[in-house]
Structures are given as structure tokens and as C-alpha cells.
Amino acid sequence: IGDIPADDGIYTITIPEQADINYIVVGSFVSNANNWNFDNDQSYAIRGKTTTAFTLIVREYAAETQSLDFDYIIFKK
């Protein structure tokens, strides 16, 4: 993901094809910055699930430069 834009971030995450959209995305941000304090000022939600992708929407709370990865796992409901 890198740096979250100041006006929030919207990311389409492509996933292996699922049987349907009845799945749960559990995710975690990974801090890569030298100053971790810039990387911990965010929250996220998932929306727009399809069988091959979901949308990650991210809110930034501080106008600093982040260096983030987003790790996730998908669970079938």
C-alpha cells in the first residue's frame, strides 16, 4: 500500500477466485517506516466484495508519510 493519501485511500485487492462472496477478510497493517509512529495512525474497512476481489478503504489520521503493507487472510463464512 505504501503511503495512504491525505484524502483517504481506496484499494482494490485481487484474490484467488472464491465460490461466492460469503467470506470474511481479516487483515493487519505491517509497518515498514523508520518512524513507526507515522504508520500507526489509520483504520480500515472492507467493502465491495466479489468472488475475485475486495475493496480496502483506509482512513489516515495524521498527515504524515507512511510505509505500509496490508497482510490478510480470507475465511469462508
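Basis for what follows: all heavy atoms, side chains included, without hydrogens, waters or symmetry-related copies.
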Practice prompt. Determine whether K76 and D20 make a side-chain contact, defined as any pair of heavy atoms from C-beta on separated by less than 4.5 Å.
Written response: yes

Worksheet item: Does some side-chain heavy atom of V25 sit less than 4.5 Å from a side-chain heavy atom of F75?
Response: no

Discussion item. Does either side chain, that of Q66 or that of E60, offer a donor lying less than 3.5 Å from an acceptor on the other one?
Written reply: yes

Worksheet item: At what distance, to the nearest 0.5 angstrom, does CD1 of I13 lie from CD1 of I74?
Response: 10.0 Å

Worksheet item: Is the NZ or CZ atom of K77 positioned over Y23's six-membered ring, under 6.0 angstrom from the centre and within 45° of the axis?
Response: no

Discussion item. Quick one, N37 and E64 - any side-chain contact, counting heavy atoms below 4.5 Å?
Written reply: no

Fill in: Aromatic centroids of Y11 and F70 separated by under 6.0 Å
no

Worksheet item: Can you name the nearest heavy-atom pair linking I15 to A53, along with the distance?
Response: CG1-N, 3.6 Å

Worksheet entry | CG/D71: more than 12 non-hydrogen atoms of other groups inside 6.0 Å | yes

Discussion item. Do I46 and L56 make a side-chain contact, defined as non-hydrogen atoms from C-beta onward lying under 4.5 Å apart?
Written reply: yes

Discussion item. In the structure I gave you, are the side-chain heavy atoms of F29 and Q42 within less than 4.5 Å of one another anywhere?
Written reply: yes

Discussion item. Could you measure the distance from the CG atom of D8 to the CZ atom of R59? Nearest 0.5 Å is fine.
Written reply: 4.0 Å

Worksheet, complete the sentence: One should read off an interatomic distance between S28 OG and D69 CG, to the nearest 0.5 angstrom, of 10.0 Å

Worksheet item: Hey, is the main chain of P16 close enough, under 3.5 Å, to the side chain of Q18 for a donor-acceptor pair?
Response: yes

Discussion item. Treating Y61 as the side-chain partner and S43 as the backbone partner, does any N or O pair qualify as donor plus acceptor under 3.5 Å?
Written reply: no

Discussion item. According to a hydrophobic-cluster definition based on side-chain heavy atoms being under 4.5 Å apart (Ile, Leu, Val, Met, Phe, Trp, Tyr only), do Y44 and Y72 belong together?
Written reply: yes

